[in-house]
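Both ligands and their constituent atoms are indexed starting at 1 by order of listing.
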Amino acid sequence: MKEYCSIPSLHIERGEGCWLWDTVGNRYLDGNASIWTNALGHNDPDLNRVLIDQVGKVSHTTYLGLSHPAGAELGRRLVELSPGNLTRALFSDNGSNAIEIALKLSFQYWQLVEKPEKRLVVGMEGGYHGDTFGAMSAGNSESFHGRFRAWQFESRSFPRPNCSEINGRITAQEVDRSLEALESILSQESKRAAAVVIEPSIQGPAGMMLQPPGFLEELARLCRRFDVHLILDEVFVGCGRTGDLFVCQAESIEPDFLCLAKGLSAGYLPIAATLTSETIYEAFLGDFDSGKGFYHGHTFTGNPLAARVALESLEKIQGLIESGRLKRTIHYFGNAFERAISGLKNVSGARQRGLSAVIDLIPGNGVKPWKVNDRVGLEVCLAARERGLLLRPLMDSILVVPPLVIENEEIDFLFANLKEAINTVMKKKSI
Ligand SMILES: *Cc1c(COP(=O)(O)O)cnc(C)c1O
């Protein structure tokens, strides 16, 4: 907060497409897609229309015990668009809750099928699933969760593969090491393991850490072999970010749980969904006195305004995918990214997949190093801000996550200004 308060506040007043305007009229490209939610641009006429239409009908009515057309239709659409085994959807209002619900359903399922000892959660190195206690326990992020370890439930983690990709060119290492470690945990803990939780394809909050193609399939096979649920956290990657609607559907994986949030909301109103299978659903069926019911509900579960926007957003993202537009944008983005990083000093890593990219700025290459308190990542983002570009750093890594509808000229603007911002900061610090 000390640092934050020392930086002039930026008050964003309005938006249109990929652009945001502050209260004094400056314009910024939203290179962070408003924390990875904004798929279709700001102030989208179609999303506005369905939202206003729904406001004219009803803004909130409980989904606990009642239903409404927007929620019912969204559930049906999600089931249609996701892998075949996923037939049921539970709504909530953020990614952390979507994960909490998947974990609790998994734990209760094992109790209901008389295997209550299956309680252990296994996650991947660097995993981030949200900031509530269950999500923190399943995650593996020292900086986000380290201080709260003492209050978290037991979990285990396995190393991630080491994979880099730019423009579709992939180099992957340590894939076997990762899968062997998971296999070894699952075989040691086969009686106790309830679920494996991972962010498939890209671990966004860890700094765009990638998995090579085929990795997820192997991992899913291990889960099946050891009778452990597979929970896929597609809160970041889902809804078009990688070029497909869902990673699991693109890789023909049938998880036991699929968690969606950020992109599903289109950056309008909070909504999340946890999809699951008929097998899980049926285990919870019974007469009232069986006590099998799932006691979990959020006040704003399935909010009709958010549900209507999500439904329209899914149709529009499907349109971008089916027309080939998203693929063309990703292609252009990959080329522009590759050009932008060539010749930059002090880049120790760069990865891009779909419409997400990262530049790791780490001192090295024989060039003068900097200290943690130099805050190079933050300084680069502040320099970018002065050039009309909003980005978010993760320590000294710069994350680039634009709306899916970004135009080629906007991509050029983004990388030209990011490159200038990096060069300016390096010069200022005489690195
Ligand atoms: C953002 C995020 C979450 C948490 O979602 P919230 O809506 O912030 O609770 C979980 N998993 C991943 C991969 C995320 O990127």
Side-chain angles (χ1 to χ4, degrees), residues 32-39 90-104 106 121-141 143-145 148 152 155 157 160 195-211 216 219 230-242 244-248 255 257-275 296 298-303 306-307 309-310 313 351 353-358 391-394 397 399-404:
N32 169 46
S34 293
I35 198 70
W36 309 351
T37 58
N38 193 293
L90 274 89
F91 296 122
S92 54
D93 42 21
N94 61 67
S96 310
N97 277 336
I99 296 289
E100 296 285 334
I101 289 172
L103 291 169
K104 285 174 70 177
S106 174
V121 173
V122 182
M124 193 157 79
E125 173 191 357
Y128 176 87
H129 306 290
D131 288 338
T132 52
F133 274 99
M136 286 199 293
S137 306
N140 182 247
S141 164
S143 48
F144 281 103
H145 311 143
F148 304 103
Q152 292 169 28
S155 67
S157 67
R160 64 177 161 227
V196 170
V197 189
I198 70 153
E199 302 150 78
S201 186
I202 311 174
Q203 286 182 312
M208 306 300 166
M209 297 305 186
L210 307 176
Q211 298 143 36
L216 186 61
L219 184 138
L230 174 58
I231 301 176
L232 292 187
D233 175 352
E234 295 210 25
V235 169
F236 169 56
V237 292
C239 303
R241 187 52 57 192
T242 61
D244 297 296
L245 194 61
F246 305 125
V247 169
C248 54
F257 301 94
L258 171 62
C259 301
L260 304 170
K262 289 193 170 89
L264 183 66
S265 76
Y268 267 59
L269 287 160
I271 189 157
T274 306
L275 273 66
H296 186 113
H298 293 284
T299 308
F300 273 85
T301 279
N303 171 263
V309 173
S313 157
R351 295 171 294 285
R353 177 174 290 168
L355 278 187
S356 68
V358 64
L391 291 168
R392 195 175 151 81
L394 183 80
S397 295
L399 308 173
V400 184
V401 183
L404 305 184

Does the side chain of [Y] come within less than 4.5 Å of [X]'s, by heavy atoms?
{"X": "Ile202", "Y": "Leu210", "result": "yes"}
{"X": "Arg241", "Y": "Glu234", "result": "no"}
{"X": "Asn94", "Y": "Pro270", "result": "no"}
{"X": "Asn140", "Y": "His145", "result": "no"}
{"X": "Phe300", "Y": "Ser92", "result": "no"}

What is the ring orientation for Phe148 with Phe133, classed by angle as parallel under 30°, tilted 30 to 60°, or perpendicular over 60°?
perpendicular

Would Gly204 count as a contact of ligand 1 if the rule is a heavy atom under 4.0 Å away?
no

When you look for heavy atoms under 4.0 Å from ligand 1, do you find them on the side chain of [X], its backbone, both, or neither?
{"X": "Glu199", "answer": "side chain"}
{"X": "Gln203", "answer": "neither"}
{"X": "Pro205", "answer": "side chain"}
{"X": "Val235", "answer": "side chain"}

Can you name the atoms of ligand 1, numbered from 1 with element, that are less than 4.0 Å from a heavy atom of [X]?
{"X": "His129", "result": "10 (C), 11 (N)"}
{"X": "Phe236", "result": "15 (O)"}
{"X": "Asn94", "result": "7 (O), 9 (O)"}
{"X": "Gly130", "result": "4 (C), 10 (C)"}
{"X": "Tyr128", "result": "2 (C), 3 (C), 11 (N), 12 (C), 13 (C)"}

Among Gln211, Met124, Glu199, which residue meets the side-chain contact (heavy atoms from CB on, under 4.5 Å) test with Arg160?
Met124

Would one find an N or O of [X], backbone or side chain, under 3.5 Å from an N or O of ligand 1?
{"X": "Gly95", "value": "yes"}
{"X": "Asn97", "value": "no"}
{"X": "Lys262", "value": "yes"}

With distance as the sole criterion, is a donor-acceptor pair present between the side chains of His298 and Asp93 under 3.5 Å?
no

Begin with the C-alpha distance, continue with both residues' side-chain angles, and end with the deciding distance and a verdict on side-chain contact (heavy atoms from CB on, under 4.5 Å) for Ile271 and Val309.
CA-CA 10 Å; Ile271 189 157; Val309 173; over 6 Å; no

What is the nearest protein non-hydrogen atom to atom 11 (N) of ligand 1, stated with its residue, atom name and distance?
Asp233 OD2, 2.7 Å

for atom 9 (O) of ligand 1, nearest protein heavy atom and its distance come out as Ser96 OG, 2.5 Å

Would you sort out whether Leu103 and Val197 count as a side-chain contact (heavy atoms from CB on, under 4.5 Å), showing the intermediate values?
CA-CA 9 Å; Leu103 291 169; Val197 189; 4.1 Å; yes

